[in-house]
Amino acid sequence: MTYELNVAHLYGDLMNTYGDVGNILALNYYAKQMDVHLNVQVVSLEEDFHAADYDLAFFGGGQDFEQTIVAKDIQTKKAELTKFIESGGPLLAICGGYQLLGHYYIGADGEKLPGIGALDHYTLAQDHNRFIGDIVIKNQETGETYHGFENHQGRTFIGKGERPLGNVVSGKGNNGEDGTEGAIYKNVYCSYFHGPILTRNGDIAKHLLIAALKRKFPNDDFSQQEALPIPATF
């Protein structure tokens, strides 16, 4: 049996500065191995996002100019995105997408951009500095180790209900202070990993797909998909 999942690529025409479209390609790669077909649709400026229409969502990163534009538009999608998240909808958010799911983001020029507050984190700026370089983190719940590359000026502090995607083994992570990187809330996975993240960390793609399948088809057995081996790609 082939399953179908509807995927929203939020602002896929704008928030792809860091090659995040590769995450969609990687998600497709793992989905095919699970006998899953993905119907991917870009949801961009002045377009409605309806929580009931999608089984999985991806929100990539962009530079400050694009992020300023998206920060205004995403307020019109706030209610439905929050509904999607609170109902267990799987979502992967990278860099700018991660920041805009929180309360606010302060850019390099000091401008405070509002997020949608769906997750309880906030992002501050750094003075004349960026976190750039290879990074390794370990998720304490699964024991999985994730490898990536970070390049961000923001310093994010996670809040109530959130737990880190991983604890920093090497690199800077969310803010260079508390040893955390990324955030997990319900079935939302957030990270500063570029590269893109799913090409080097297939376990995360697997978690997202399994969560989407179980949510859409609660009475089906996905033990075969859960048993899919994920070889190391780092």
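- Side chain to side chain, Glu150 and His194 fail the donor-acceptor criterion of an N or O pair below 3.5 Å.
- For the residue pair Tyr105 / Glu111, no side-chain donor-acceptor distance below 3.5 Å is found, with atom types taken as modelled.
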- Message: Test side-chain contact (heavy atoms from CB on, under 4.5 Å) on Leu91 and Leu101; report intermediate values, then the result.
- Response: CA-CA 11 Å; Leu91 190 157; Leu101 290 182; 3.9 Å; yes
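- No path of Ile, Leu, Val, Met, Phe, Trp and Tyr side chains, each step under 4.5 Å between heavy atoms, connects Leu45 with Phe58, placing them in separate hydrophobic clusters.
- Aromatic pair Phe84/Phe49: ring centres closer than 6.0 Å.
- Looking at Gln224 and Met34, their side chains never come closer than 4.5 Å, going by heavy atoms from C-beta outward.
- Taking 4.0 Å as the cut-off between side-chain N and carboxylate O, Lys206 and Glu144 do not count as a salt-bridged pair.
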- Message: Let's go through Gln41 and Asn6 carefully: what are the C-alpha distance in whole Å and the side-chain angles of both, what is the deciding distance for side-chain contact (heavy atoms from CB on, under 4.5 Å) to 0.1 Å, and is it a yes or a no?
- Response: CA-CA 8 Å; Gln41 178 179 344; Asn6 296 321; over 6 Å; no
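- The closest side-chain donor-acceptor pair between Ser191 and Tyr146, if any, does not fall under 3.5 angstrom.
- How far CG of Asp55 is from CG of Leu208: 12.5 Å, rounded to the nearest 0.5 Å.
- With rounding to the nearest 0.5 angstrom, the OG1 atom of Thr180 is 5.5 Å from the CG atom of Asn175.
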- Test log, rule ring-ring contact (aromatic ring centres under 6.0 Å, His included), inputs Tyr185 and His121: CA-CA 11 Å; Tyr185 175 77; His121 59 257; 9.7 Å; no
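- At least one donor-acceptor pair closer than 3.5 Å links the side chain of Gln75 to the backbone N or O of Gly115.
- Annotation: salt bridge (Lys or Arg N to Asp or Glu O under 4.0 Å) contacts of Glu4 (sequence neighbours excluded): none.
- Between Phe193 and Phe149, the distance from one ring center to the other does not fall under 6.0 angstrom.
- Here the side chains of His37 and Leu5 are not in contact, with every heavy-atom distance at 4.5 Å or above.
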- Can Leu113 and Val70 be said to form a side-chain contact (heavy atoms from CB on, under 4.5 Å), step by step? CA-CA 10 Å; Leu113 300 178; Val70 170; over 6 Å; no
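- A donor-acceptor pair under 3.5 Å is absent between the side-chain atoms of Arg200 and the main chain of Thr233, judged by distance alone.
- Side-chain atoms of Leu209 and Leu38, non-hydrogen and from C-beta on, do get closer than 4.5 Å to each other.
- Environment of NZ in Lys216: crowded, with over 12 heavy atoms of neighbouring residues, nucleotides or ligands closer than 6.0 Å.
- A donor and an acceptor atom, one from each side chain of Arg215 and Ser87, are located under 3.5 Å apart.
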- Worked verdict on Ile137 versus Asn167 for side-chain contact (heavy atoms from CB on, under 4.5 Å): CA-CA 5 Å; Ile137 64 174; Asn167 293 332; over 6 Å; no
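- Taken to the nearest 0.5 Å, the CG atom of Leu213 stands 6.0 Å off from the CD atom of Gln225.
- Using a cutoff of 4.0 Å between basic side-chain nitrogens and carboxylate oxygens, Lys77 and Glu80 are not scored as salt-bridged.
- Distance alone, capped at 3.5 Å, places no donor-acceptor pair between the His207 side chain and the Tyr189 backbone.
- Ring geometry, Phe217 versus Phe222: the interplanar angle falls from 30° to 60°, so the pair is classed tilted.
- Looking only at side-chain heavy atoms (C-beta outward), Lys172 and Ile135 stay at 4.5 Å or farther from each other.
- Between Cys190 and Leu119, the closest side-chain pair of non-hydrogen atoms falls below 4.5 Å.
- Scanning both residues, Val188 and Gly89, for their nearest heavy atoms gives CG2-O, 4.3 Å.
- Under the 3.5 Å distance criterion, with hydrogens and angles disregarded, a donor-acceptor pair is assigned to the side chains of Gln67 and Gln99.
- Looking only at distances, a side-chain donor or acceptor of Asn139 sits under 3.5 Å from a matching main-chain atom of Thr142.
- For the residue pair Asn23 and Leu198, the shortest heavy atom distance occurs at OD1-N, 2.9 Å.
- Taking hydrophobic clusters as Ile, Leu, Val, Met, Phe, Trp and Tyr residues chained together by side-chain heavy-atom distances below 4.5 Å, Ile184 shares a cluster with Ile197.
- A distance of 10.0 Å separates CG in Leu25 from OG1 in Thr199, rounded to the nearest 0.5 Å.
- Under the 4.5 Å side-chain heavy-atom criterion for grouping Ile, Leu, Val, Met, Phe, Trp and Tyr, Leu27 is connected to Val36 within one hydrophobic cluster.
- Val7 and Val42 fall into different hydrophobic clusters, where Ile, Leu, Val, Met, Phe, Trp and Tyr residues are linked whenever their side-chain heavy atoms come under 4.5 Å apart, directly or through other members.
- Not a single donor-acceptor pair under 3.5 Å links the side chain of His50 to the backbone N or O of Ala52.
- The distance from atom CD of Gln153 to atom CZ of Arg155, rounded to the nearest 0.5 Å, is 9.0 Å.
- Across every non-hydrogen atom of Asp13 and Ser44, the tightest pair is OD1-OG, 2.7 Å.
- The CD1 atom of Ile106 sits 5.0 Å away from the CG atom of Leu124 when rounded to the nearest 0.5 Å.
- Looking at residues two or more places apart in sequence or on another chain, you find no salt bridge (Lys or Arg N to Asp or Glu O under 4.0 Å) involving Lys78.
- Closest approach of Gly182 and Asn174 over heavy atoms only: N-OD1, 2.8 Å.
- Looking at Ile74 and Leu81, their side chains come closer than 4.5 Å, going by heavy atoms from C-beta outward.
- Residues forming a side-chain hydrogen bond (donor to acceptor under 3.5 Å, both in side chains) with Tyr30 (at least two apart in sequence, or on another chain): none.
- The closest side-chain donor-acceptor pair between Asp73 and Tyr11 falls under 3.5 angstrom.
- By the criterion of side-chain heavy atoms lying less than 4.5 angstrom apart, applied directly or through intervening Ile, Leu, Val, Met, Phe, Trp or Tyr residues, Ile94 is not grouped with Ile69; the two fall into different hydrophobic clusters.
- You'll find the ring centres of His9 and Phe59 outside the 6.0 Å limit.
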- Task: Show your working on side chain to side chain donor-acceptor pair (under 3.5 Å) between Asp120 and His103 and close with a plain yes or no.
- Result: CA-CA 7 Å; Asp120 189 36; His103 294 296; 2.6 Å; yes
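- The two atoms that bring Val43 and Ala8 nearest to each other are CG2-CB, 4.1 Å, heavy atoms only.
- By the 4.5 Å heavy-atom criterion applied to side chains, Pro164 and Ile158 are counted as neighbours.
- A pairwise comparison of heavy atoms in Tyr192 and Glu181 identifies N-OE2, 2.8 Å as the closest pair.
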